[in-house]
Amino acid sequence: MPPRRRKPTTTARTVGAGKSAAARKFKESAGGTTKKAPAKRAPTKRAPTRKRAVRKTVAPDLRLPDPGERVWVLDVPFEDRALASASGARWHPGPRVFAYYGIELPEALSSFESMPYSLQRWIEDDANGAGVEPAERPGAGVEPAERPGKEGEWRPEVLGQRSMTPRETQLESVRRHLGALEDGFPYFAQMDSTGLGKTLAVCEAVRQMRDQEIGTVLVVAPKGALPGWRRTIADTEADLDPAERKRWLLVTYQSTKKLLTVPEDIDLGKRKKTQNKRTIALGELRFDIDVVIADESHALMNIESQQSQILWRYQEAARAVVWMSATPGYQPMHFAYMARAIEQSLGNSPIIGDDDDALGYALTTKWATFLEESGFALKEGKAGGLKTWRWEPEDAARRERDIGTIHRWLSGGAVPWSISRPSPPTPREPLGQELTASQKRLYNAAWVDYRKEVGLPNWKSVGGKRVLQKNPSTRAAALRFRQKCSYLRIPASADQVRSWVRDGNQVFVSMFYRESVAALAETLREEGLDVAVVDGSMSSADQEVAIRSFQTGAARVIVSTTTSAINLHAGELLLPEKTVSTAAPRVTLIHDPRWTPIDIRQIEGRANRIDKDHNHTTSTCYYGYAEGTVEEEMVLTGIERIADLGSIVGQADLIDPEAFLAARAER
């Protein structure tokens, strides 16, 4: 495979610590010339000069274990830090981990043992390695043949016999991916619809990468997806010789800041926001990664977020990059994170160019400039200075042209670096819920309070259509108002869920608020139903236990705030037990309407997927809303935006707005 144009160092195309343009400007401003002393005046009382705090430096690595002992790097939740410290673990601020040195791990710390392929396991394996100098142990710059543990120092993973066999559609994706690499194109966009097995397809492609220089793989994914990745990686590499296995690192998007080192010789500022910005720009990449995989890559749509900037730096230094999402974006400004791939595929159309220091706002500006030069309908955003995709309501041709252009760049025609295939259509039904007289009074009271807080009018007319105003200052009030509506409809949703369960179904309820989740679960449990709950406050292990209870039939209902990266369909192969989930039909209820089509489409795909026998398992999706309220408009807006999403990724059959509106009219 021809290598990418890159320098031999780890941070070749990224911002080196203290060497970037930003670092030079910062140092120049800090060490500029001082003003001349003023003429002599009467002595005045001057405030005492405040001494600058000396920045403490810490060792970036763990110390080598003493002879006869080893080190365990632990995954300790914040609330259990006191327990871990009392049991002998110590916090190490350099690598920012809890670690225990000894002969055996105490029983009190066994529950904190690191998971396979986790960041803690990487640090632990490097710390326990022999024959490598401490300065070389973080993992960066160490060639695969020199990495410690090939003879047994690495903790061996428990691998059984291979259970999953890729189907032909997945093998087609593998062939296209490897073909792009052989042609010298290091990017690949896996944009198949939900439920088609993107994870197994990508793991199989990495397994078949025979290039000797590809040895490390970074996967950034939502927390709920990590257990599935661990099982798929272990199954994919089960029949490989240990020397042929890749070294995988799994982290969440929220943990990406741990992938950078904190510069020690630079004043990072007092504010946490300032510290984070300078760490992202000036810190060094902590690991040498050959393949970067962004699962649910729509999390990178805001290229100015911290996690997007960090992952951009890793993408720039990697030999291959994979983006995975059934919903990569639904408007042109969302695809800035794919700018390098589009730049290379278009040939003579520079977007980023050789500006290796471009991060965050600079990337947004370059991408917006490129879109404007390409004729897209961009206008100044309400926040000032930022470009957004906007067109005149009556200019449908302009809107269709913009969407068609993005489609041609990403998946239309013979684009060799992407694949996008639809799953069988999802049955969709509107579920209008009537409010009782007392609930209407509460709703109207909430609506009046909302209008008083944000000011009138709350609606405006655009092209003869009545739409909700999008004023950023009203966001908090809008969330509170939506939460009140969510609470009012809990009794109606509970009655509907009970009727579905009585008909022999298992029910997945998607909600937006944790308080609503708790209230609905309690209401259903009072009727004797076993209910599983999954929300963002739970660890990955606890989420996995709840999901397994639903898949095995122990719980007939699952209520979740999670929108992606979990499997709830019938006939799923459960690993490592090699059992199969129940065959009971699934029903999906979106209790809280969503504005964005990405959330809607991801929710629809949780139980509407392909089973172990490669058959499609259908789950009818019901859209809940309070009739005659703003929620009705939210549902219709989300449905219209799904059509845009389908057009961009080449899956126009994702939804038929006319059919949905007709079903709504019939009710």
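In this text, all values refer to a predicted model and were calculated from it rather than measured experimentally.
Evaluation of the salt bridge (charged side-chain N to carboxylate O under 4.0 Å, His left out) rule for Glu515 yields no partner, not counting sequence neighbours. With sequence neighbours excluded, the residues satisfying side-chain contact (heavy atoms from CB on, under 4.5 Å) with Pro491 are Gln439. Scanning for side chain to side chain donor-acceptor pair (under 3.5 Å) contacts around Ser111 gives an empty result, with sequence neighbours left out.
Tyr513 places a side-chain heavy atom less than 4.5 Å from the side chain of Asp592. Side-chain contact between Ser537 and Arg514 is present, with at least one heavy-atom pair separated by less than 4.5 Å. Within the 4.5 Å cutoff, the side chain of Ile558 has no heavy atoms near those of the Val509 side chain. Counting only heavy atoms from C-beta outward, the side chains of Arg176 and Phe188 approach each other to under 4.5 Å. You'll find the side chain of Val219 stays beyond 4.5 Å of the side chain of Tyr117, heavy atoms only. A 4.5 Å side-chain heavy-atom check between His569 and Asn608 finds every atom pair outside the cut-off. A 4.5 Å side-chain heavy-atom check between Asp295 and Trp229 finds at least one atom pair inside the cut-off. Considering only heavy atoms from C-beta on, Asp530 stays 4.5 Å or farther from Arg556 through its side chain.
Under a 3.5 Å cut-off, the side chain of Ser325 and the backbone N or O of Thr327 do form a donor-acceptor pair. Panel note: side chain His591, backbone Ser486; a donor-acceptor pair is recorded below 3.5 Å. Side-chain N or O atoms of Lys223 include one that pairs as donor or acceptor with a backbone N or O of Met538 at under 3.5 Å. The backbone N or O of Gly228 sits less than 3.5 Å from a side-chain atom of Thr232, completing a donor-acceptor pair. Remark: side-chain polar atoms of Ser493 are not paired, donor with acceptor, to backbone N or O of Ile490 under 3.5 angstrom. Using a distance-only test at 3.5 Å, with no hydrogens or angles considered, a donor-acceptor pair links the side chain of Ser581 to the main chain of Glu572. With Thr563 contributing its side chain and Gln602 its backbone, the two residues share no donor-acceptor pair below 3.5 Å. A distance-only check finds a donor-acceptor pair linking the side chain of Arg421 to the backbone of Thr169 [under 3.5 Å]. Checking side-chain atoms of Asn505 against main-chain N and O of Arg586 turns up no donor-acceptor pair under 3.5 Å. With hydrogens and angles ignored, the 3.5 Å screen pairs a side-chain donor or acceptor of Gln506 with a backbone N or O of Phe550.
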### Query
Taking it one step at a time, do Arg609 and Asn567 satisfy side-chain hydrogen bond (donor to acceptor under 3.5 Å, both in side chains)?
CA-CA 8 Å; Arg609 306 174 74 84; Asn567 296 339; 3.1 Å; yes

#### Entry: Working for side-chain hydrogen bond (donor to acceptor under 3.5 Å, both in side chains), residues Thr562 and Gln543
CA-CA 10 Å; Thr562 302; Gln543 290 184 2; 4.7 Å; no

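Applying the salt bridge (Lys or Arg N to Asp or Glu O under 4.0 Å) test to pairs two or more places apart or on separate chains, none has a residue in residues 193-203. Within the structure, the salt bridge (Lys or Arg N to Asp or Glu O under 4.0 Å) test picks out no pair touching residues 558-571 (sequence neighbours left out).
Atom NZ of Lys258 has 12 or fewer heavy atoms from other residues, nucleotides or ligands within 6.0 Å. Heavy-atom contacts from other residues, nucleotides or ligands closer than 6.0 Å to CD of Glu172 number more than 12.
For the pair Arg175 and Glu204, the salt-bridge criterion is not met [side-chain N within less than 4.0 Å of a carboxylate O]. Electrostatic pairing of Glu237 and Arg162 does not count as a salt bridge here, judged by no charged N lying under 4.0 Å from a carboxylate O.
You'll find the ring centres of Trp323 and Tyr187 inside the 6.0 Å limit. Between Trp500 and Tyr622, the ring centre distance stays below 6.0 Å.
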Tell me which donor-acceptor pairs under 3.5 Å the side chains of residues 517-527 have, and how far apart each pair is, sequence neighbours excluded?
unit_1 : atom_1 : unit_2 : atom_2 : d
Thr523 : OG1    : Ala519 : O      : 2.8
Arg525 : NH2    : Val531 : O      : 2.8

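Between Tyr330 and His334, the ring planes lie perpendicular to each other; the angle is over 60°, past the 30° to 60° tilted range.
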